[in-house]
Number of protein chains: 2
Amino acid sequence: MRPDDLAEVRHLPLFRDMLKANFDALMQGAYAQAFPEGLELIRQGDPADFLHVVLEGAVELHAGWQDRSCTMAVVKPVGTFILAACIKDVPYLMSARTLERSRLLLVPASDLRAVFRRDAEFAVSTITELAGCYRAVVRHAKSLKLRNSRERVAAYMLKQSQLAGGALRFTLGIEKRLIASYLGMTPENLSRALKTLDDVGIEVHGQMVTITDMDRLLAFVPPDALIDGPDAPGLVA
Amino acid sequence: MRPDDLAEVRHLPLFRDMLKANFDALMQGAYAQAFPEGLELIRQGDPADFLHVVLEGAVELHAGWQDRSCTMAVVKPVGTFILAACIKDVPYLMSARTLERSRLLLVPASDLRAVFRRDAEFAVSTITELAGCYRAVVRHAKSLKLRNSRERVAAYMLKQSQLAGGALRFTLGIEKRLIASYLGMTPENLSRALKTLDDVGIEVHGQMVTITDMDRLLAFVPPDALIDGPDAPGLVA
DNA sequence: ATATGAAATTGATATAAATCAATGGTTGAG
DNA sequence: CTCAACCATTGATTTATATCAATTTCATAT
């Protein structure tokens with residue numbers, strides 16, 4: 001594991017407030033590893049052995065039932081995933097696969113549980129991180145239940161624009177089929193929705209998104225801090 | 001606040017492992033109060049001042065956007081809600097209203113935050129509680145994305161049967177319009193879905209549900225521990 | 001460059017679900 | 001007991017979305 005990785009991990013909200021000795025102990029048992037694109041890192045139902053931290057690349061969290069599956073989130077550097085399962089020592093609810101070549105830090109779940117019992121600051125950070133994750137999923141569920149697919153797409157684009165620093169022009173960064181699945185619709189439906197969204201000020205060509213009329217976009221999907229608000233760090237989709 | 005309430009609260013997973021002194025201190029600042037039916041206890045967007053514990057009655061958590069709204073959960077005794085907002089000291093993502101006359105325990109959020117900083121056991125309990133809440137919402141989102149409305153209804157009935165100790169006959173306990181909203185569908189659609197579900201072994205008359213053919217029901221919605229698994233205590237719908 | 005395979009788009013159609021409208025049933029207040 | 005209000009149901013219809021099928025586009029490996 002590279003020293004600058006260590007520094008970056010140390011700066012994560014989850015790790016930055018804990019005692020140095022405890023951080024070092026955690027990292028002692030952890031290891032960084034590179035994985036090729038398309039690798040299934042964990043499968044839903046597996047026992048939760050490691051907290052995963054994305055150092056480089058991108059990881060898709062997805063879930064399946066019967067023969068169906070859907071994208072639940074995409075995590076980019078520097079974000080963590082499956083903290084909750086590790087803490088409760090129960091099976092993962094979601095699977096994870098690399099979307100590109102990725103480097104991950106794997107922190108043994110048992111170490112995690114041991115450390116937050118003796119480091120109050122780390123316990124507080126864990127609480128805050130989990131609360132953030134919880135709220136992110138609640139927002140996702142609200143979006144699914146309160147908006148139709150066209151509105152979800154528009155809100156998604158608006159949010160990506162904000163993540164890009166308010167740019168009116170940005171690239172999507174992930175495949176449209178993943179966005180579609182994340183937003184709870186088919187790729188065909190997303191494609192059609194995007195075409196009709198020029199009515200409200202969004203134009204998309206390939207990976208490039210241009211917001212041609214922010215006022216109309218804002219009128220169409222009034223952004224709501226209680227749905228579109230800031231997520232946990234590293235959580236892209 | 002009644003002594004037996006106190007005992008019941010003390011037995012909650014969230015509170016049972018903390019030091020007695022700290023529990024007493026928390027309860028010192030807390031107060032129990034009865035509310036009439038249909039009262040809006042909190043509104044989404046409000047600052048999070050109190051952790052709520054349902055001692056008696058039932059509380060609906062719901063969310064709104066534009067002119068729409070939907071039920072996100074129903075909490076019955078003895079369950080807590082809006083822990084995450086209290087911890088992060090940020091606005092509530094959901095509103096809450098009493099479904100019937102209810103008695104609640106209100107614990108000041110600031111006390112909460114102070115106590116888990118000095119009581120490691122309480123911090124661990126909070127972590128575990130939050131992880132459970134997180135997983136409950138993830139399951140809800142998975143259900144919304146992976147199942148159609150008929151399947152969600154069938155799975156809901158199956159789960160209620162299990163909550164009723166595996167009974168093949170049980171009462172719903174909440175209004176159908178709430179169930180519909182919770183499951184992400186209209187009341188009309190729920191009504192129709194229920195009628196067609198006799199095909200797979202479910203019959204509903206009023207509030208009474210009878211599972212007439214468990215095998216067929218299980219074949220139709222193979223229950224999945226990663227979706228239908230046990231929720232946080234007190235979380236009914 | 002060209003061939004290959006996956007993603008994205010497009011069109012046609014089917015299905016699921018929402019909406020609108022009307023009716024019947026239940027509950028609680030007076 | 002009767003009425004009013006709300007919930008639940010039912011039917012007719014519209015709308016949203018999924019599905020199926022066929023191209024086209026794009027990225028990549030050869």
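Chain naming here is simple, since letters A, B, ... match the order of the sequence lines and numbering starts at 1 in each.
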Worksheet item: For Gln207(A), does its backbone N or O pair with a side-chain atom of Thr171(A) as donor and acceptor, under 3.5 Å?
Response: no
Item to complete: Using modelled atom types only, decide if a donor and an acceptor are shared between the side chain of Ser95(A) and the backbone of Ala63(A) within a distance under 3.5 Å.
Response: no
Discussion item. From CZ of Arg150(B) over to P of dT15(C), roughly how many Å is that when rounded to an integer?
Written reply: 14 Å
Practice prompt. Please find the earliest and latest nucleotides of DNA chain D, in the 5' to 3' direction, that have an atom within less than 4.0 Å of any heavy atom of chain A.
Written response: dT17(D) to dC20(D)
Practice prompt. Would you mind reading off the bend of the helix from dA1(C)-dT30(D) to dG30(C)-dC1(D) from its two end axes, five pairs each, to 10 degrees?
Written response: 40°
Atom pairs under 3.5 Å: protein N/O with N/O of nucleotides 7-14 of chain C:
| from | atom 1 | to | atom 2 | distance (Å) |
| --- | --- | --- | --- | --- |
| dA7(C) | OP1 | Arg177(A) | NH1 | 3.2 |
| dA8(C) | OP1 | Lys176(A) | N | 2.8 |
| dA8(C) | OP2 | Arg177(A) | N | 3.0 |
| dT9(C) | OP1 | Lys176(A) | NZ | 2.8 |
| dT9(C) | OP2 | Ser191(A) | OG | 3.1 |
| dT9(C) | O5' | Ser191(A) | OG | 3.1 |
| dT10(C) | OP2 | Lys195(A) | NZ | 3.1 |
| dG11(C) | N7 | Arg192(A) | NH1 | 2.9 |
| dG11(C) | O6 | Arg192(A) | NH2 | 3.4 |
| dA12(C) | N6 | Arg192(A) | NH2 | 3.3 |

Worksheet item: If only atom types and distance count, is the side chain of Thr80(A) paired as donor or acceptor with the main-chain N or O of His52(A) below 3.5 Å?
Response: no
Practice prompt. Send over the distance from Met185(B) CE to dA18(C) P, rounded to a whole Å.
Written response: 7 Å
Fill in: Arg43(B), CZ: over 12 other non-hydrogen atoms inside 6.0 angstrom
no
Worksheet entry | Criterion side-chain contact (heavy atoms from CB on, under 4.5 Å) against Phe170(B), the qualifying member of Ile211(B), Thr210(B), Leu163(B) | Ile211(B)
Discussion item. For Ala154(A) versus Leu217(A), what's the shortest heavy-atom pair and its separation?
Written reply: CB-CD1, 4.0 Å
Worksheet item: Under 3.5 Å, is there a donor-acceptor pair between the side chain of Arg169(B) and the main chain of Met208(B)?
Response: no
Item to complete: Applying side chain to side chain donor-acceptor pair (under 3.5 Å), run through Glu60(B) and Thr71(B) and close with a yes or a no.
Response: CA-CA 7 Å; Glu60(B) 176 199 9; Thr71(B) 302; 2.7 Å; yes
Discussion item. Please tell me if Ser149(B) has a side-chain N or O lying less than 4.0 Å from either OP1 or OP2 of dA17(C).
Written reply: yes
Discussion item. Using a strict threshold of under 4.0 Å (side-chain N to carboxylate O), is an ion pair present between Glu56(A) and Arg2(A)?
Written reply: yes
Worksheet item: Only one of Arg139(B), Lys142(B), Arg147(B), Lys159(B) clears salt bridge (Lys or Arg N to Asp or Glu O under 4.0 Å) with Asp228(B); which?
Response: Arg147(B)
